[in-house]
Undergrad: 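One structure is given below, represented as structure tokens, and several questions about it will come after.
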Amino acid sequence: MSIKYIFVTGGVVSSLGKGLTAASIGQLLEARGLKIAMLKLDPYLNVDPGTMNPFQHGEVYVTDDGAETDLDLGHYYRYTNSPLSRASNSTSGQIYESVIKKERKGEYLGKTVQVIPHVTDEIKSRILACGHQEEGIQVVLVEIGGTVGDIESLPFLEAIRQFRYERPKDCINIHLTYVPYLKAAGEVKTKPTQHSVQVLRGIGISPDLILCRCEEALSDELKAKISLFCNVPQDAVMDEKDVEHSVYEVPLDLHRQGLDETICKMLDLKSAKPDLTKWEKMLHSVLNPKGKVVVGIVGKYMDHQDAYKSIFEALHHAAVANGVALEIRKFESDRIVENGSVEALIGGCDGYLVPGGFGERGWEGKVLTAKYCRENKIPYFGICLGMQVLIVEFARHILGLENAHSTEVDRNTSYPVISMITEQKQIQNLGGTMRLGAYPCDLKKGTRAYEAYGKNLISERHRHRYEFNNEYKEAFEEKGMVFSGKLNKGQLCEISELKSHPWMVGVQFHPEFKSKPLAPHPLFLNFINALKILPKKQLEKVAPTSQGDK
Ligand code: GLN
């Protein structure tokens, strides 16, 4: 049977949750026993989001094969088991880059190179490649970034129009729109949806299904109106209302309205009724926690809700699996300064997490956080830069290496405890570029890391240039630092933890990329579990009523 394609476009406004919707559809189809693949097409001209400021674009999600991709791939990972790789995300930048490369090589045989057909052909070939990255893929879900009507997304929509024209029986288009409630008028308005569907039809694409983002469920009357004006059967107009508690409610809401059933009918896909019991059980735990843990995150982009997306999600998964509610308190690291009391600035959380980051800004605030956690025996979880901070803090205050630093910040430090691999003399010529993607790591028995994972060999994804400098390894070990994870068949230190501390662990990789609600990440599980069971010392300090209530 031929592969089926579902295109998801967005109308009216951005930030409607297209990625989440596409991921939810993917999940429902998988639950029906179908094998799916997912593709995000991004209309921007950057070749990948790797160089974009997190304030602009949020998190960069890294795949096993080392692609720096859009954060929507994180949603795909959390909701589905679809293969995720370089073939799962294409940008206009990549598409133009390959068209221009071909042109330079003379592959267009003297023709004038144009958006149609050359750019659109390149887009179509990537859609096809996504469906052939593994054997047996039955459905490819293609999400088009941006909003219909944007100049930049036109080549993508044109490519989809052609793709559909060439395979009329194998494609459907799902259009996600916004149906606002106007408070002053006391009315729900369908006009923006009508307009965005008109724009889509002007490009030659008629939606088969319309999903309406709205605050409250839509009445049958409103659905009938949208159906009539937009030329879509009424049972193919569904609402996607704001969730009450958790984004993980979305697939269940869509399933209740028959979305997966309708898609399968439209595409003539034979499949079983979905079994969603595990997901429902997980959601039940989300809604019925016993107790709460408070995690302080000390980072640089705390105001941007997507900059640490996978970290927030991974913490939530671990909290749900531990049966507790999670409160995240956000702290901007450059506001944590020596002369203020760190306790007064950030105190009161059960534990702290310092996420990844680049550049100098905020470094010292993170070092103060690590010091505060080490001295007060408060759990500390350092991810990537967060591990480098843990190392630098330990070097300065326990090993007495004054001004020890990462060469990323201080190129001339006397004690480069974190440095680029090419700067580390004993292993020269290995290249000094970013270490990206999955690397195997050996764990040491009897350590916190081993306890968490429960096995010898793990694989985690990396995205960094700097590493622990092994010249200092013995000095660190003598003072109680344990290097519990080491690059398999290599010497690089991937995990460091403090022996005489309830939970102080730094990892050079990004475990957050591999956490799912139904399969929380072992390190996050272990961290949250520690917060749950350790005495709530710091909470007692800020809540006098609980004093004596040991
Ligand atoms: N800036 C650090 C490095 O390049 C850490 C990167 C990160 O946290 N992802 O090594």
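Whatever order the structure lists them in is the order used to number ligands and atoms, beginning at 1.
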Undergrad: Does this structure show an ion pair linking E393 with K366, if we count only N-O contacts that are shorter than 4.0 Å?
TA: no
Undergrad: If the condition is ring pair (Phe, Tyr, Trp, His ring centres under 6.0 Å), which residues does F513 pass it with, not counting sequence neighbours?
TA: Y61, H510
Undergrad: Under the ring pair (Phe, Tyr, Trp, His ring centres under 6.0 Å) test, which residues partner F394, sequence neighbours left out?
TA: F476
Undergrad: Which protein N or O atoms sit under 3.5 Å from any N or O of ligand 1? Give each pair with its distance.
TA:
unit_1, atom_1, unit_2, atom_2, d
ligand 1, 1 (N), G357, O, 2.9
ligand 1, 1 (N), E408, OE1, 2.7
ligand 1, 1 (N), E408, OE2, 3.0
ligand 1, 4 (O), R465, N, 2.9
ligand 1, 8 (O), G357, N, 2.9
ligand 1, 8 (O), G357, O, 3.4
ligand 1, 8 (O), L385, N, 3.1
ligand 1, 9 (N), R463, O, 2.8
ligand 1, 9 (N), H510, NE2, 3.2
ligand 1, 10 (O), Q388, NE2, 3.0
ligand 1, 10 (O), R465, N, 3.2
ligand 1, 10 (O), Y466, N, 2.8

Undergrad: Report yes or no: does E249 contribute a side-chain atom to a donor-acceptor pair with the main-chain N or O of H245 at less than 3.5 Å?
TA: yes
Undergrad: Which residues satisfy the side-chain hydrogen bond (donor to acceptor under 3.5 Å, both in side chains) test with S24, sequence neighbours excluded?
TA: none
Undergrad: Would you say the ring centroid of H317 lies under 6.0 angstrom from that of Y248?
TA: yes
